[in-house]
Participant: 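Sharing a structure, written as structure tokens. Questions coming.
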Amino acid sequence: MPMRLSQSLIPTLKETPAEAQIVSHRLMLRAGLVRQMASGIYAWLPAGLRVLAKIEQIVREEQNAAGAQELLMPTIQSADLWRESGRYDAYGKEMLRITDRHDRELLFGPTNEEMITAILRDATKSYRDLPQILYHIQWKFRDEVRPRFGVLRGREFLMKDAYSFDLDYTGALLAYKKMMLAYMRTFQRIGVVAIPMRADTGQIGGDLSHEFHILAPTGESGVFYDAAFETGNAAAATNVEAFYEQMTSIYAATDEKHDQAAWAAIPDARKREGRGIEIGQIFYFGTKYSEAMNFAVTGPDGAKIFPEMGSYGIGVSRLVGAIIEARHDEAGIIWPDAIAPFRAAILNLRQGDALTDQICAELHNTLGADCLYDDRAERAGAKFAEADLMGHPWQIIVGPRGAANGQVELKRRATGERFELAIAEALAKVQA
RNA sequence: CGGGGCGUGGCGCAGCCUGGUAGCGCGCUUGUUUUGGGUACAAGAGGCCCCCGGUUCGAAUCCGGGCGCCCCGACCA
């Protein structure tokens, strides 16, 4: 269903609400993507939800391509499950604990290692049932002491979390490597530069972990990396092992893990220092949960095997904020093509003029649902300003000036380039 | 969890110190105007001034208590 701005709920703001400090938060509110409902809790409005859905879909396709299977686990979990792993007490106040009408203890899930382990424990009995990689894309809740930065540190957030189960270390490591490749492909398709960095394992446990950081001047962590990362092409990688070898042999670290000696060994011309926003993390943690929760399958010799596990997260809702931090200018958001709420906007500069109306309607019909038609009775300036704010990759500007000659103006948001083109040519460029 | 700040029309704010008819800009509605970078003029609509209690003839304003939100730090996907 093609969307007309005059009939859509895309409440843009000229002024920035006082609560928003950082640029992505301001732009998300101003562009009408989200509204805050409580501290760290957001409603996703139609345009924002479109972005979320597009990111989700890319993540989903790459997870599937890596051999992971999608399922959906609930947001509410039982406290008993978390007592099995010992994390019910260990997790602390970040876990939102609730009780139901029977005083049963429940919690709003901050992550799902326990639950997925319980599911596999019930459903797999033999070594023949492994390996498995499962994932879901579900809302999580962490009761942050201090939510801030809009969706970058919300309390409720959308995360893709995958879990791998293997019979031995080699298998687990292969799953880890597959996920690293899947992640790099995912971020490349989304249209951002992300760099894998050795990381601490924190709350999850284990001894092998990488964080993925998007480079943005406002990032929370200082990052150091080799310029070789800027030219990588995960889409072209054909060999998982070779790709992993390549990724882990190039230097990249957050300030916490920064190694002066290794850094000194890099030629100065290739040294890059900047700031990063973490948008994903992968962990290998062995049998930590399978043993604690007594999940074993029977091996070929009849002996118990505790599966080797890993978990793999992508902050889907956080990515929206992170991408805006990395891609904006004074006028507004600059969406990558793949995840913009709308690939193109049609700006009718003379609403009511028979010819411009007709051209706009044709364009709109041809481009369909991924295009937003600004058919409001607003001044040209207001339409330009809002289109820039919302960050549509393409703006098709239809005014009486060009319309008479069968021409429209095509503007590329990212570069500011403008082209005077025949209608068919403009369409071809947008649809390319 | 320590420190700081803020709650007044949809948004941004002033008024509070020194108690006395609730204001400004933007937005919204209607009309006219303008028509390629948030246009101009005119007329309108819209407020339990966060909540509860106290002081007072009288509270947005003073006092007490709550609640909510933001910022800095520690913490964290």
Side-chain angles (χ1 to χ4, degrees), chain A residues 9 11-22 25-26 29-30 32 35-41 91-95 109-113 138-161 183 199-204 209-214 219-221 254 256 276-283 311-322 330-332 347-353 356 374 376-390 395-403 407-409 411 416 418 420:
Chain A
L9 184 75
T12 55
L13 301 170
K14 261 172 118 164
E15 288 176 283
T16 306
E19 77 262 16
Q21 294 300 313
I22 63 158
H25 191 194
R26 290 202 293 258
L29 292 168
R30 288 230 291 132
R35 285 294 184 266
Q36 182 169 333
M37 296 293 108
S39 179
I41 297 177
Y91 213 95
K93 294 190 126 181
E94 273 201 4
M95 180 186 282
T111 178
N112 287 66
E113 280 83 8
Q138 175 65 292
W139 292 91
K140 305 292 188 293
F141 197 95
R142 292 184 194 172
D143 198 2
E144 293 283 341
V145 249
R146 191 184 155 211
R148 62 187 134 164
F149 305 145
V151 301
L152 289 178
R153 183 161 305 287
R155 292 193 292 173
E156 191 181 43
F157 56 96
L158 187 61
M159 182 161 104
K160 185 286 298 181
D161 40 323
Y183 274 37
D200 285 321
T201 52
Q203 193 70 258
I204 308 280
S209 180
H210 283 87
E211 288 178 354
F212 296 79
H213 284 257
I214 282 187
E220 289 187 81
S221 336
T254 61
E256 292 167 351
I277 302 172
E278 186 191 336
I279 37 88
Q281 187 165 9
I282 58 180
F283 303 86
S311 73
Y312 316 88
I314 292 178
V316 175
S317 52
R318 170 181 272 197
L319 257 170
V320 179
E330 324 73 52
L347 311 193
N348 186 340
L349 297 193
R350 187 74 64 87
Q351 190 68 29
D353 176 89
T356 60
D374 189 346
R376 298 168 307 161
E378 285 289 340
R379 296 268 309 199
K383 295 190 178 191
F384 288 133
E386 278 199 26
D388 284 347
L389 173 63
M390 292 182 64
Q395 294 172 19
I396 307 172
I397 299 157
V398 184
R401 197 193 278 168
Q407 292 210 311
V408 295
E409 182 179 325
K411 176 177 165 182
R418 295 142 172 277
E420 289 281 348

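Residue numbers start from 1 in every chain, and the chains themselves are labelled A, B, ... in the order their sequence lines are given, proteins ahead of strands.
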Participant: According to the 5.5 Å centroid and 30° plane-angle thresholds, does F384(A) stack upon the nucleobase of G36(B)?
Facilitator: no

Participant: Could you write out each protein N or O paired with an N or O of nucleotides 66-72 of chain B at a distance under 3.5 Å?
Facilitator:
unit_1, atom_1, unit_2, atom_2, d
C69(B), OP1, S39(A), N, 2.8
C69(B), O3', Q36(A), NE2, 3.2
C70(B), OP1, Q36(A), NE2, 3.0
C70(B), OP2, S39(A), OG, 2.9
C70(B), O3', E19(A), O, 3.3
C72(B), OP2, R146(A), NH1, 3.4
C72(B), OP2, R146(A), NH2, 2.3

Participant: Suppose we screen for side chain to side chain donor-acceptor pair (under 3.5 Å). Which residues come up paired with Q36(A), at least two apart in sequence or across chains?
Facilitator: Y42(A)

Participant: Pick base, sugar-phosphate or nothing for K140(A), based on heavy-atom distances below 4.0 Å to the nucleic acid.
Facilitator: nothing

Participant: Looking at every heavy atom in both P400(A) and T356(A), which two are closest together, and how far apart are they?
Facilitator: N-CG2, 3.6 Å

Participant: Compile the donor-acceptor pairs under 3.5 Å between side chains in residues 378-389 of chain A and protein atoms, sequence neighbours left out, one pair per line.
Facilitator:
unit_1, atom_1, unit_2, atom_2, d
K383(A), NZ, N348(A), O, 2.6
K383(A), NZ, D374(A), O, 3.2
K383(A), NZ, R376(A), O, 2.7
E386(A), OE1, T12(A), OG1, 3.3
E386(A), OE1, R376(A), NH1, 3.4
E386(A), OE2, T12(A), OG1, 3.1
E386(A), OE2, R376(A), NH1, 3.3
D388(A), OD1, Q395(A), NE2, 2.7
D388(A), OD1, K411(A), NZ, 3.1
D388(A), OD2, K411(A), NZ, 3.3

Participant: Residues in salt bridge (charged side-chain N to carboxylate O under 4.0 Å, His left out) with R30(A), at least two apart?
Facilitator: none

Participant: Remember a base hit wins even if backbone is also touched, and classify G154(A) as base, sugar-phosphate or nothing at under 4.0 Å, heavy atoms.
Facilitator: base

Participant: Mind checking if R350(A) touches a base, just sugar-phosphate, or nothing, with heavy atoms under 4.0 Å?
Facilitator: sugar-phosphate

Participant: To the nearest Å, how far apart are E220(A) CD and A74(B) C1'?
Facilitator: 13 Å

Participant: At 4.0 Å (heavy atoms only), tell me whether L347(A) reaches a base, stays on the sugar-phosphate, or touches nothing.
Facilitator: nothing

Participant: What pairs with P147(A) under side-chain contact (heavy atoms from CB on, under 4.5 Å), at least two apart in sequence or on another chain?
Facilitator: S39(A), E144(A), R155(A)

Participant: Sequence neighbours excluded, which residues qualify as salt bridge (charged side-chain N to carboxylate O under 4.0 Å, His left out) partners of K160(A)?
Facilitator: none

Participant: Using whole Å, report how far CD1 of I282(A) lies from C1' of A77(B).
Facilitator: 14 Å

Participant: Which part of the nucleic acid, if any, lies within reach of K160(A) when heavy atoms closer than 4.0 Å are counted: base, sugar-phosphate only, or nothing?
Facilitator: nothing

Participant: Could I get a table of every N or O pair under 3.5 Å where one atom is in the protein and the other is in nucleotides 27-30 of chain B?
Facilitator:
unit_1, atom_1, unit_2, atom_2, d
G27(B), OP1, K14(A), NZ, 3.4

Participant: Of all residues at least two apart in sequence or in a different chain, which pass the side chain to side chain donor-acceptor pair (under 3.5 Å) check with E409(A)?
Facilitator: R418(A)

Participant: Rounded to the nearest Å, what distance is computed from the CG atom of residue D353(A) to the C1' atom of nucleotide G36(B)?
Facilitator: 13 Å

Participant: Which residues pass the ring-ring contact (aromatic ring centres under 6.0 Å, His included) test with F212(A), not counting sequence neighbours?
Facilitator: Y183(A), F187(A)

